[in-house]
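One-based numbering, in listed order, for ligands and for the atoms of each. Scope of the values below: all heavy atoms of this structure, side chains included, with no hydrogens, waters or symmetry mates. Count residues from 1 along the sequence.
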Amino acid sequence: MKPIIETRQAEKLYQVGDSTIHAVDGINLQVEKGEFLCISGRSGSGKSTLLSLLAGLESPTAGEIEILGQHLEQLNEKERSRFRRAHIGFVFQSYNLLPQFSAWENVAMPLQIRGIPLKERKERAMEILDLVGLRDHALHKPTELSGGQQQRIGIARAIVTGPAIVFADEPTGNLDSRTGQEVMELLGRIFRKWGTTFILVSHDEEMYRYTDREIRLKDGKIEQQTLREERML
Ligand SMILES: Nc1ncnc2c1ncn2[C@@H]1O[C@H](COP(=O)(O)OP(=O)(O)OP(=O)(O)O)[C@@H](O)[C@H]1O
Ligand SMILES: [Mg+2]
């Protein structure tokens with residue numbers, strides 16, 4: 001089967017003053033449908049930049065990024081944004097919930113953007129809240145939830161539209177290790193069941209065991225790849 005994500009010599013350069021930063025430097029990567037991939041590496045190695053390219057948040061300086069058969073490097077910003085809305089979910093380290101809205105309203109936000117009527121939005125949001133174990137917190141505002149609960153709301157919002165691929169940049173970075181593991185277990189359970197492809201940035205080695213493959217970056221290049229089977233040896 002054709003990979004769901006395929007990059008060829010993907011590159012992202014930043015020009016700062018006189019110097020050129022090779023944030024992502026010739027990445028060739030294939031990701032299978034339903035695969036859980038972890039991008040690791042030290043601070044500044046290019047993890048977030050690569051994630052932004054793969055998710056279509058940014059355009060590569062050179063190279064190809066093909067997702068679901070669509071060449072993202074050929075799309076303009078508006079087309080990329082439409083593509084993201086249709087196929088991609090995001091989970092953020094800092095949750096990014098809207099403070100003035102309740103948990104269910106936050107979860108339903110992507111459905112509202114798609115113009116889905118209120119009744120259907122609420123039903124769907126409640127189903128997903130149930131899935132993340134927070135149906136009884138539907139009316140809480142973000143400040144009335146713990147960090148782990150806020151992240152579960154963030155996850156619910158990311159998956160409410162049933163995206164093919166979910167990207168997460170340090171999703172457990174603000175959580176204690178126990179809560180972080182619970183969040184990863186929850187994501188794993190849902191995505192394995194749905195066949196969702198999951199790409200995660202983390203420098204916490206505890207998180208790697210939830211994934212099928214780790215690619216470690218150094219200076220914008222893939223320094224090492226480790227498959228789950230190799231890790232278990
Ligand atoms: N908008 C930008 N303009 C200029 N340089 C940038 C920009 N974004 C990132 N960089 C540079 O690109 C390199 C990679 O940055 P990136 O944010 O991808 O690292 P990272 O691996 O996610 O690090 P961290 O673990 O600290 O989040 C760094 O040298 C960074 O300074
Ligand atoms: Mg980063």
> At distances under 2.8 Å, what protein N, O or S atoms surround the Mg ion (ligand 2)?
Replying inline: Ser48 OG
>> Which option wins on minimum heavy-atom distance to atom 22 (O) of ligand 1: Ser202, Ser48, Ser45?
In response: Ser48
>> Considering only residues two or more places apart or on different chains, which pairs with a residue in residues 38-47 satisfy side chain to side chain donor-acceptor pair (under 3.5 Å)?
In response: Ser40-Glu214
> Between Gln15 and Thr20, does any side-chain donor sit less than 3.5 Å from a side-chain acceptor?
Replying inline: yes
> Is atom 30 (C) of ligand 1 less than 4.0 angstrom from at least one protein heavy atom?
Replying inline: no
> Hey, is Val16 touching ligand 1 through its side chain, its backbone, both or neither, going by heavy atoms under 4.0 Å?
Replying inline: side chain
>> Looking at His203, I'd like to know if its NE2 atom is crowded, meaning that more than 12 non-hydrogen atoms belonging to other residues, nucleotides or ligands lie closer than 6.0 Å.
In response: no
> Looking at atom 15 (O) of ligand 1, would you say a protein heavy atom lies below 4.0 Å from it?
Replying inline: yes
>> Tell me the contacting part of Ile21 for ligand 1: side chain, backbone, both, or neither, using a 4.0 Å heavy-atom threshold, strictly below.
In response: side chain
> Any ion pair linking Arg124 and Glu127 (charged N to carboxylate O, less than 4.0 Å)?
Replying inline: yes
>> On a heavy-atom basis, I'd like to know which of Ser52, Gly44, Ser43, Ser40 is closest to atom 26 (O) of ligand 1.
In response: Ser43
> Can you name the ring pair (Phe, Tyr, Trp, His ring centres under 6.0 Å) partners of Phe36, sequence neighbours left out?
Replying inline: Phe198
>> So, using salt bridge (Lys or Arg N to Asp or Glu O under 4.0 Å) as the criterion, who are the partners of Glu170 when residues are at least two apart?
In response: none
